[in-house]
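Step one of this worksheet: look at the structure below.
In what follows, chains are A, B, ... by sequence order, proteins preceding strands, each numbered from 1. Please read these numbers as outputs of a predicted model, since none were measured by experiment.
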Amino acid sequence: MYTQALNTAEADDRGLEDAAKAAQFQARIDAEERIEPNDWMPAAYRKTLTRQISQHAHSEIVGMLPEGNWITRAPTLRRKAALLAKVQDECGHGLYLYAAAETLGSSREELVDAMLAGKAKYSSIFNYPTLTWADIGTIGWLVDGAAIMNQIPLCRCSYGPYARAMIRVCKEESFHQRQGYEIMLTLCRGSDEQKAMAQDALNRWWWPVLMMFGPPDSASQHSDASTKWKIKRFSNDELRQKFVDATVPQAQYLGLTIPDPGMTQDADGHWRYSEIDWTEFKQVLAGNGPCNRDRIAARRKAHDEGAWVREAAAAYAAKRQHRQTAQAAE
Amino acid sequence: MPVANIQVSETPLVLYTLRRADDALILGHRLSEWCGHAPMLEEDMALSNIALDLLGQARELYTYAARVEGKDNDEDKFAYLRDVRQYRNLLLVEQPNGDFAQTLVRQFFYSAFADLYWRAMMTSCDTTLAAIAAKSEKESAYHLRHSSEWIIRLGDGTEESHARTQGAIDHLWAFTGEMFAVDDGERGLIDAGIAIDPATLRDRWLKTLSRVVSEATLTLPQNNWMQQGGRVGRHSEHLGHLLSELQSMQRTFPGLTW
């Protein structure tokens, strides 16, 4: 068990969600105060955050797989070290986020079990395969770029532990994003084969990356409450537009073509993208993406094959504790 | 970069440096295979960390070997454009990860040696090797602590973990002798004060092993037959597969910048 002893469950049991407490809670949120683990909070706020933070943690951990796929094949020793360090960072983010989720009263084991059982989601983007080295550059540039766009506002999220975790995560993500762009730049300044590899990767990742921001505002289920609680500060479509506006000039600088022939720039300078194929998004979300089964299978395999190691560590810790107690009694 | 294997002028110092660089690269590569697949997230972090340290050591040693050789080679050419017969690492470090016990026993055998080795090399009259040793010693001390703690936990954990760890010790033991062997070229470097004689480390290495293994309620094998060949490029079948993966990009797309 990793759960810290917090007085949360007790508070829920007593059913203290009376109107006065709820109003006081909302007043604190409106005053931009941070909510901390031991503070009173509505059950729905706790549930929403547990879901969001644990999904975020699962995404970091599952996200290690597509990039990890290239650690043993990175083309130079410098790239190999940078990629390994990057994937290690993602693991650190996962750990950090599970710890933040635990402050809301769920253990890491419970959360991980839900993911392994297919009950908890992780970011759909990691259900796409990394086929070439250019995919590693593209993930850094676009996937981490989109993640930063989503996460910068979360540094001001009303829940203190999540907001603080995001500050650190964003710093590292922004380093990863620059690293990814630098891989793309190297490819685009390289041979025709390398440029083609870069363009092909952009073609495959562009639309899935736009889907990372979630369904259009007209169809989003969670936004209203999350906005009121200042967990979410910008809508899916607002963030998506910000990302597109930031990314188009970067693609132009690389000499790559965004795979959206219908894209136009409006009078205000915004790049207007074509209709997103939400059928694909729903399919991937429903478990039918190219790698959904592989990703979960890989995580289950690591978990199952590691069971004897975790049992051994627990058995040893218990023996040691027992010996220390016996020694103290002598 | 051409697709063909590079030629290396293996003077005693170049060869000596390449052997240590290859140890670090191959072991680091093996550890990096765990990233994303370890028994717990803390070990994904720890094994990646150790892999990064080893990769860093390999890069410094390759760069130095290239400087000493004074030709057109560099760290990437050494890593990506030599085939199995040109690799000079210990057989121990190329052994497959197996289960977590096998990975940790391999690490423990190597780190218990590397910790003593790098500490001793800090007195090398070759200032570059002495500087690399000073950095590597700090890292190895942590690697040894990490693997020792796991050997004790696994050995004294459950019946299953005990059996797996004892099995790994018995399996990998025959690959430890190579760490203490010296050829004529290395003998010359030892006499010149550039290298240290690894045979002088064996008693202390064995003492560390015995202490940890006994606390772990495990035993060291009595069998003293030792496999050799890695230092002269006679490897196990495992290394070729590792290299085919490691080198795939440079072999497929020769001569490009990445």
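- Checking side-chain atoms of A:Glu305 against main-chain N and O of B:Pro39 turns up no donor-acceptor pair under 3.5 Å.
- Neither the backbone nor the side chain of A:Arg320 comes within less than 4.5 Å of any heavy atom in chain B.
- Panel note: side chain A:Gln88, backbone B:Met45; a donor-acceptor pair is recorded below 3.5 Å.
- Residues B:Thr257 and A:Arg189 are not in side-chain contact: their nearest non-hydrogen atoms beyond the backbone lie 4.5 Å or more apart.
- Chosen from A:Gly137, A:Ala302, A:Gly68, the residue pairing most often with chain B at heavy-atom distances under 4.5 Å is A:Ala302.
- Ranked by heavy-atom pairs shorter than 4.5 Å toward chain B, the options A:Ala315, A:Ala298, A:Gly190, A:Cys91 are led by A:Cys91.
- Using a 4.5 Å heavy-atom cutoff, the side chains of A:Leu77 and B:Leu25 are in contact.
- Put simply, CG on B:Leu154 and CH2 on A:Trp308 are 5.0 Å apart, with the number rounded to the nearest 0.5 Å.
- In this model, no donor atom of one side chain and acceptor atom of the other lie less than 3.5 Å apart for A:Glu311 and B:Thr158.
- Among the candidates A:Arg299, A:Glu90, A:Lys301, the residue making the largest number of heavy-atom pairs closer than 4.5 Å to chain B is A:Arg299.
- Ranked by heavy-atom pairs shorter than 4.5 Å toward chain B, the options A:Arg79, A:Gln194, A:Arg73 are led by A:Gln194.
- At a 4.5 Å heavy-atom cutoff, the contact between A:Ile61 and chain B is made by side-chain atoms alone.
- Between the B:Arg153 side chain and the A:Ala314 main chain, no donor and acceptor come within less than 3.5 Å of each other.
- By the 6.0 Å contact criterion, NZ on A:Lys319 is enclosed, its count of non-hydrogen atoms from other residues, nucleotides or ligands being greater than 12.
- Taking a cutoff of 4.0 Å between a charged side-chain nitrogen and a carboxylate oxygen, A:Arg108 and B:Glu42 qualify as a salt bridge.
- A:Ile71 has its side chain out of reach of B:Glu33: every pair of non-hydrogen atoms, C-beta onward, lies at least 4.5 Å apart.
- A 4.5 Å side-chain heavy-atom check between B:His37 and A:Met64 finds every atom pair outside the cut-off.
- By the 4.5 Å heavy-atom criterion applied to side chains, A:Tyr316 and B:Glu149 are not counted as neighbours.
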